[in-house]
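Below: one structure, written as structure tokens.
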There are 2 protein chains.
Amino acid sequence: MNGDAFDPDCPTRLILDRIGDKWSVLVVLSLRGGPRRFTELRDAIGGVTPKVLTQTLRAMARDGLLTRHVFAEVPPRVEYELTPLGQSLHAPIQAVADWAESHVNEVMAARQAAG
Amino acid sequence: MNGDAFDPDCPTRLILDRIGDKWSVLVVLSLRGGPRRFTELRDAIGGVTPKVLTQTLRAMARDGLLTRHVFAEVPPRVEYELTPLGQSLHAPIQAVADWAESHVNEVMAARQAAG
DNA sequence: TGCCCTTGGTACCCTATGGAAACCATGATG
DNA sequence: CATCATGGTTTCCATAGGGTACCAAGGGCA
């Protein structure tokens with residue numbers, strides 16, 4: 001066993017649960033190019049509701065993956081940006097995304113065959 | 001945009017949702033060393049209930065990630081094994097797991113600081 | 001002839017989470 | 001005075017996840 005991610009009380013497991021969340025993955029991918037505003041993220045990530053996006057962003061900020069910068073303007077402006085820690089997560093996540101994209105045909109074929 | 005994973009109707013997104021599931025990730029890691037029985041998996045992956053493990057394994061089998069081999073014995077014996085497709089998923093997932101393990105301290109520190 | 005053991009699940013129930021839709025506060029602008 | 005835009009919040013509901021109990025089929029054994 002090269003890790004203790006299998007122990008449910010292990011911190012590594014907690015992290016895995018968190019970054020394994022689909023919305024977190026899409027947020028990281030969506031912020032790889034630089035800071036973005038709330039509405040930009042909501043529009044970029046199809047299908048996410050504001051409530052869940054807020055929850056995801058707040059949780060990621062708590063975990064030090066991104067920063068939330070509020071500008072005192074009207075209408076309000078809030079920018080989210082990956083921290084260096086969050087940026088370091090981009091490569092592994094991109095690897096998974098690449099896998100998904102290059103093997104989607106095989107998976108869909110298997111799913112069809114299995115009905 | 002180098003991918004269309006942001007479109008909720010895109011197949012890539014479906015795959016991402018699926019392999020982003022924490023139990024699927026742990027199953028892949030748990031099967032990297034060869035086939036294992038249901039009970040072995042349940043014991044190896046701390047905190048998983050049989051119901052959820054069954055759901056996860058069936059879904060992964062449908063998607064062609066693993067095979068389910070039932071031996072006509074008593075007591076029953078069922079072995080799960082990664083397909084080549086499932087094995088190809090191991091590297092990207094391991095990358096994420098490695099990230100979690102090497103950055104767990106930073107995340108936990110941030111979480112503490114943010115309360 | 002019962003009786004218990006093991007394995008790989010199901011069945012049932014309850015709670016937590018996710019999602020849909022509506023609403024809100026603020027102040028600039030027309 | 002009404003409207004618009006932004007970044008959410010609130011409310012409600014359906015679904016998924018998790019806990020616990022239970023089951024079927026033989027084999028061993030007493």
Side-chain angles (χ1 to χ4, degrees), chain A residues 5-10 13-27 30-31 34-63 66-81 114, chain B residues 5-10 13-27 30-31 34-63 66-81 114:
Chain A
F6 295 104
D7 177 0
D9 298 326
C10 167
R13 173 73 161 271
L14 295 176
I15 309 304
L16 213 55
D17 291 356
R18 156 144 303 287
I19 65 181
D21 170 57
K22 69 175 170 179
W23 299 125
S24 299
V25 168
L26 292 171
V27 165
S30 195
L31 287 179
R36 289 185 112 172
R37 305 177 60 173
F38 184 86
T39 312
E40 290 177 315
L41 285 171
R42 194 195 52 197
D43 295 344
I45 303 174
V48 69
T49 60
K51 187 185 78 169
V52 176
L53 183 57
T54 299
Q55 287 173 352
T56 303
L57 291 170
R58 295 287 159 85
M60 292 177 73
R62 260 200 313 276
D63 286 355
L66 52 79
T67 57
R68 178 172 181 271
H69 187 28
V70 182
F71 295 84
E73 300 176 2
V74 164
R77 186 156 75 99
V78 180
E79 281 191 351
Y80 294 91
E81 184 172 18
Chain B
F6 296 103
D7 177 0
D9 298 326
C10 166
R13 172 73 162 270
L14 295 175
I15 309 303
L16 212 56
D17 291 355
R18 155 145 306 286
I19 65 181
D21 170 57
K22 69 174 171 180
W23 299 125
S24 301
V25 168
L26 291 170
V27 165
S30 196
L31 288 178
R36 289 185 111 173
R37 304 177 60 174
F38 184 85
T39 313
E40 289 178 314
L41 285 172
R42 193 194 53 198
D43 295 345
I45 303 174
V48 69
T49 60
K51 187 185 79 169
V52 176
L53 183 56
T54 299
Q55 287 173 352
T56 303
L57 291 170
R58 295 286 160 83
M60 291 177 73
R62 261 201 311 276
D63 286 354
L66 51 79
T67 57
R68 179 172 180 271
H69 187 30
V70 182
F71 295 85
E73 300 175 0
V74 165
R77 186 155 74 100
V78 181
E79 280 191 351
Y80 294 91
E81 184 173 17

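Residue numbers start from 1 in every chain, and the chains themselves are labelled A, B, ... in the order their sequence lines are given, proteins ahead of strands. These figures come from a predicted structure and were not determined experimentally.
Phosphate proximity of C:dG9 to B:Thr54: absent, as no side-chain N or O sits under 4.0 Å from OP1 or OP2. Listed pair A:Arg37 / D:dG7 meets the phosphate criterion, a side-chain N or O lying under 4.0 Å from OP1 or OP2. The side chain of B:Arg42 contributes no N or O atom lying less than 4.0 Å from OP1 or OP2 of C:dG8. Contact between the side-chain N/O atoms of B:Thr39 and the OP1/OP2 oxygens of C:dG8 is found at a separation under 4.0 Å. OP1 or OP2 of D:dG8 lies within a sub-4.0 Å distance of a side-chain N or O belonging to A:Arg68. Phosphate contact (OP1/OP2 of D:dA16, side-chain N/O of B:Gln55, threshold under 4.0 Å): absent. Under 4.0 angstrom from either OP1 or OP2 of C:dT10 there lies at least one side-chain N or O belonging to B:Arg58.
The side-chain tip of A:Arg77 points at the ring of A:Phe71 from less than 6.0 angstrom away and within 45° of straight on.
Sorted by residue number, the list of members of residues 17-26 of chain A with any non-hydrogen atom under 4.0 Å from DNA chain D is empty.
No donor-acceptor pair closer than 3.5 Å links the side chain of A:Arg36 to the backbone N or O of A:Glu79. A donor-acceptor contact shorter than 3.5 Å is absent between the side chain of A:Arg58 and the backbone of A:Leu53.
In this structure, the nucleotide among D:dG17, D:dG26, C:dG18 sitting nearest to the side chain of B:Val74 is D:dG26. Candidate nucleotides C:dG9, D:dG18, D:dG7 were compared by shortest atom distance to the side chain of B:Val52, and D:dG18 ranks first. When each of C:dG8, D:dT9, D:dT6 is scored by its nearest atom to the side-chain atoms of A:Pro50, the top-ranked nucleotide is D:dT9.
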Worked verdict on B:Tyr80 versus B:Thr67 for side-chain contact (heavy atoms from CB on, under 4.5 Å) | CA-CA 6 Å; B:Tyr80 294 91; B:Thr67 57; over 6 Å; no

Residues A:Val48, A:Leu26; criterion side-chain contact (heavy atoms from CB on, under 4.5 Å); working and verdict | CA-CA 10 Å; A:Val48 69; A:Leu26 292 171; over 6 Å; no

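Checked by distance alone, B:Lys51 brings no side-chain donor or acceptor within 3.5 Å of a matching partner on the base of C:dG9.
Whole-Å rounding puts the A:Glu40 CD to D:dG8 C1' distance at 16 Å. The nearest whole Å value for the distance from the CG atom in B:Leu57 to the P atom in C:dG9 is 8 Å. Rounded to a whole Å, the CZ atom of B:Arg36 is 13 Å from the P atom of C:dG8. Atom CG in B:Leu53 sits roughly 9 Å away from atom P in C:dG9 (whole-Å rounding). C:dG27 atom C1' lies 18 Å from atom CZ of A:Phe71, rounded to whole Å. For the pair B:Phe38 CZ and C:dT6 P, the computed distance is 17 Å after rounding to whole Å. Between the C1' atom of D:dG7 and the CZ atom of A:Arg77 lies a distance of 13 Å, rounded to the nearest Å. We find that CG of A:Leu41 is positioned 14 Å from C1' of D:dT6, with the value rounded to whole Å.
Taking 4.5 Å as the limit, every side-chain heavy atom of A:Asp63 sits out of range of all side-chain heavy atoms of A:Ile15.
Taking each heavy atom of A:Gly46 and B:Arg13 in turn, the nearest pair found is O-NH2, 2.8 Å. Taking each heavy atom of A:Ser24 and A:Arg18 in turn, the nearest pair found is OG-O, 3.6 Å.
If you check every strand for non-hydrogen atoms under 4.0 Å, B:Tyr80 touches sugar and phosphate atoms only.
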